[in-house]
Novice: 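Take this structure, written in structure tokens, and hold onto it; I'll ask about it next.
Proteins get letters first, then strands, A, B, ... in listed order; numbering begins at 1 in each.
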Protein chains: 2
Amino acid sequence: MNQIVNLKSLKTTCQACSLSELCLPRSLDDSEMVRLDDIVQRKRPIKKGEFLFQVGQPFRSLYAVRSGSVKVFLPTPSGEEQIVGFHMPGELLGLDAMEHDTHSCSAVALETTTVCELPYQNMQELCHQIPGLNHQFMSLVSKEIGSEHEMLLMLGKKMADVRLAAFLLNLSCRFRTRGFSPNEFNLSMSRHDIANYLGLAVETVSRLFTRFQEDGILEVHRRLVTIRDMSKLVALAEYAGINCQHIKDMISDS
Amino acid sequence: MNQIVNLKSLKTTCQACSLSELCLPRSLDDSEMVRLDDIVQRKRPIKKGEFLFQVGQPFRSLYAVRSGSVKVFLPTPSGEEQIVGFHMPGELLGLDAMEHDTHSCSAVALETTTVCELPYQNMQELCHQIPGLNHQFMSLVSKEIGSEHEMLLMLGKKMADVRLAAFLLNLSCRFRTRGFSPNEFNLSMSRHDIANYLGLAVETVSRLFTRFQEDGILEVHRRLVTIRDMSKLVALAEYAGINCQHIKDMISDS
DNA sequence: CGGCCTATTGACGCTACTCAACATGAGTGG
DNA sequence: CCACTCATGTTGAGTAGCGTCAATAGGCCG
């Protein structure tokens, strides 16, 4: 049964993909989408812990997450790692490798994950032929830079609770955009990963989760997070200077 | 006299520009460079403290720094700011605005600065016509993402001294690339800016500068920094996982 | 010369890290 | 099916690093 589903999803075209509005196909017409679809290589699902690419490997393709999630990190000489991002369906990976011809970071699946592979050479040619695709590509690249700016902002203004709040809100938004509940979701990453990403110790993250529960902000069971008081979470994150207007709008709408 | 020099530099073409190897013209042939040159608008110098663009303003152009330096920051609702980067000659600004049609950050000159304005519309067209330009553009964008990853790595691994060391090394490299001394340079930004950028308090930065002097690593007079012991600085920065191999090579060469 | 801004230095307190023990759940093999 | 192990997460105690507050020094400009 599972296999049938997987085979089916392997055949999914860009036209039929529910992520097309988030991903590269956005604003392409049918014939253009077919041409994009032609260069997309849909790979078999990769399991939790498998690498999509590793630092130093030759750069050939960009990847778009189709399902599951991926963490991207820089390994340090001391054998540790610094996570620079978590990627959800519809998001592009490997953008930092276009400068050189090798990957400057590694990407590993946090759960069973499927991706679309976009050979860079073909992408370049197609972007040349389809201005709309080029534009959308630049848009996604620009978005990546923007979200990293936001991350820098967060890491710059210390305060652990603010960082975690902003992180959770960010996830909440991204789940909502993808049609999932913004108030209840499963974290695909470990506490260790969260701590690493936010520049905190694991223990601090753990303590914050319990404190947020005591304050009635969250309910947490293992990796299942339920946001009980969105406004408190927003108030915390706003302290970091994160722009939460769209979330506030969402709250008042409901 | 000054005015004559300025007028002269205002007329500088991409072909004659000493930064062409760092900037967009790289790897373009003569005729292509002329076409790029045609769309470049060279603006009068902007003075220290003047804005190149501000958050919320409509996005029309990218900017390449020609001389001087620029700080880019996100203003927070609380009236503070988070600096996300300092830009030196040959570097592009405004990349994060391509997603929307408004700037998502502000850019202000740290000293008297000249920039080349690249109307985005024209850039897109020209990139379409000149694949080499498009490639170099993507390269610079990719480089931007890469350097922000490095920044995230630095802010993630705390330790104030390591951050400052990595920051100074980064500047040193960039000065060297531009033909200036990697061992002695003027900081165009205030201690306040450095602290903000590195996620530290001004006092901590100040204390670190004195400590680095006591340790014989630096000599600091106001904003003039002289690196006395590059290897110690590298040792500190490497602790952060910053890849310093190219700097080590440079040291052994000299 | 006086005012202002930037930078430095000192004293103190708090946040978050470290070390350590313990709890819980998942996966494995008998 | 249960006991075992390992990975993951939680909680506690102690501490160090860095931020905050405050005072002072030095440079720049009118």
Novice: Counting distance only, does the side-chain N/O of A:Asp161 pair as donor-acceptor with the main-chain N or O of A:Leu236 below 3.5 Å?
Specialist: no

Novice: How close or far is atom P of C:dA16 from atom CG of A:Leu198, stated in whole angstroms?
Specialist: 12 Å

Novice: Any side-chain N or O of A:Arg222 under 4.0 Å from OP1/OP2 of D:dG9?
Specialist: no

Novice: Choose from C:dA16, D:dC18, D:dT20 the nucleotide whose nearest atom is closest to any side-chain atom of B:Ala160.
Specialist: D:dC18

Novice: Between A:Tyr197 and A:Phe86, is the gap from one ring center to the other below 6.0 Å?
Specialist: yes

Novice: Of the options D:dT10, C:dT8, C:dA7, whose atoms approach the side-chain atoms of B:Arg223 most closely?
Specialist: C:dA7

Novice: What is the separation between atom CG on B:Leu224 and atom C1' on C:dT6, rounded to the nearest whole Å?
Specialist: 16 Å

Novice: Heavy-atom nearest nucleotide on DNA chain C for A:Gly199 versus B:Arg191: which residue maps closer to 5'?
Specialist: B:Arg191

Novice: Please state how far atom CZ in A:Arg163 lies from atom C1' in C:dA16, giving the value in whole angstrom units.
Specialist: 10 Å

Novice: Using the side-chain hydrogen bond (donor to acceptor under 3.5 Å, both in side chains) rule, take A:Gln54 and A:Ser106 through it: C-alpha gap first, then chi angles, then the decisive distance, then the call.
Specialist: CA-CA 4 Å; A:Gln54 289 196 53; A:Ser106 301; 4.9 Å; no

Novice: Rounded to the nearest angstrom, tell me the gap between atom CZ in B:Phe209 and atom P in C:dA7.
Specialist: 9 Å

Novice: In whole Å, I'd like the distance from the CD atom of A:Glu203 to the C1' atom of C:dA23.
Specialist: 15 Å

Novice: Starting at atom CG of B:Leu110, determine the distance to atom P of C:dT6, rounded to an integer number of angstrom.
Specialist: 13 Å

Novice: Under the criterion side-chain contact (heavy atoms from CB on, under 4.5 Å), I'd like the reasoning laid out for A:Met230 against A:Ser172: C-alpha separation, chi angles, the key distance, then a yes or no.
Specialist: CA-CA 10 Å; A:Met230 186 64 90; A:Ser172 167; 3.7 Å; yes

Novice: Tell me the interatomic distance from A:Arg211, atom CZ, to C:dT15, atom P, rounded to whole angstroms.
Specialist: 9 Å

Novice: Which part of the nucleic acid, if any, lies within contact of B:Ser190, taking any heavy atom under 4.0 Å across all strands shown: a base, the sugar-phosphate backbone alone, or nothing?
Specialist: sugar-phosphate

Novice: For B:Gln82 and A:His149, does a side-chain donor sit closer than 3.5 Å to a side-chain acceptor?
Specialist: no

Novice: Can you tell me if the side-chain N/O atoms of B:Thr204 get under 4.0 Å from OP1 or OP2 in D:dC18?
Specialist: no

Novice: Rounded to whole Å, how long is the line connecting atom CG of A:Leu208 with atom C1' of D:dG12?
Specialist: 16 Å

Novice: Answer yes or no: side-chain N or O of B:Arg207 and base N or O of C:dG10 forming a donor-acceptor pair under 3.5 Å.
Specialist: yes

